[in-house]
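Given the structure is predicted, the values throughout are model-derived calculations rather than measurements. Lettering follows sequence order; numbering is per chain, from 1.
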Amino acid sequence: AQTVTQSQPEMSVQEAETVTLSCTYDTSESDYYLFWYKQPPSRQMILVIRQEAYKQQNATENRFSVNFQKAAKSFSLKISDSQLGDAAMYFCAYRRRGNAGGTSYGKLTFGQGTILTVHP
Amino acid sequence: DTEVTQTPKHLVMGMTNKKSLKCEQHMGHRAMYWYKQKAKKPPELMFVYSYEKLSINESVPSRFSPECPNSSLLNLHLHALQPEDSALYLCASSQDRGQFANTGELFFGEGSRLTVL
């Protein structure tokens, strides 16, 4: 079974600084997705960034970037120039990719989450 | 339209009541999900519908009854719930068609906050 581990229950950062959230996962699959989702206190789960395992290049989305180390099964999220609106619970998640017929996509497996506080 | 819409946003019910949670998406997604989430915990998967058929039931008690009337709608019928069932219930959908054009992500609704008295 796949597992996702986030070893930092809470993190804090000063506004405009950079913070890195850690995530490791365990799988025997070779083709999968990794995600970082953000859930602010307003509660809607929003996708921050996605990485496909077959892509060697690390994904970036504006101030958000990942460090994807496939061999080490590590997937950390770096938030640059942190803003007050970045304060939220962040979940790392894994999902097995489906086959060409579109079936057998795996369940989304979440880590335990990291609560990020941003100080003004 | 990239939204998953859930109603109601808040629901308070007694242990003998019958109520329903509703979820709707118009993105043409073929998979829809119900999750239960307790405070400061990750969502726990309850049910998955794929092409309008129940494909996964994570051993959820029968007091929760899902229904998928069509590819855009998902309901969760609630009956004889317990106080420990109080939680945020999240609906999600995903495309799950094809392989290389698929982003694999789940789109989540805002959730229905359920309180059982």
[X] versus chain A, heavy atoms under 4.5 Å apart: side chain, backbone, both or neither?
X	answer
S94(B)	side chain
Q6(B)	neither
L106(B)	both

For [X], which atoms come within 4.5 Å of any heavy atom of chain B: side chain, backbone, both, or neither?
X	value
I115(A)	side chain
Y37(A)	side chain
L47(A)	side chain
M89(A)	side chain

Greatest number of heavy atom pairs closer than 4.5 Å to chain A - which of G104(B), A31(B), A92(B):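 If we count pairs closer than 4.5 Å to chain A, G104(B) comes out on top.
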For a quick check under 3.5 Å, do [X] and [Y] share a side-chain donor-acceptor pair by atom type?
X	Y	result
Q95(B)	E105(B)	no
Q6(A)	T114(A)	yes
Y94(A)	T27(A)	yes

side-chain contact (heavy atoms from CB on, under 4.5 Å) with F47(B): which of L74(B), I56(B), L54(B)?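 Between F47(B) and the candidates, side-chain contact (heavy atoms from CB on, under 4.5 Å) is satisfied uniquely by L54(B).
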Set out, in order, the CA-CA distance, both residues' side-chain angles and the distance that settles salt bridge (Lys or Arg N to Asp or Glu O under 4.0 Å) for D31(A) and R96(A), then state yes or no. CA-CA 6 Å; D31(A) 200 8; R96(A) 183 187 74 232; over 6 Å; no
Start with the C-alpha gap between H77(B) and S65(B), add the side-chain angles, then the distance that decides, and say whether side chain to side chain donor-acceptor pair (under 3.5 Å) holds. CA-CA 5 Å; H77(B) 302 298; S65(B) 175; 5.7 Å; no
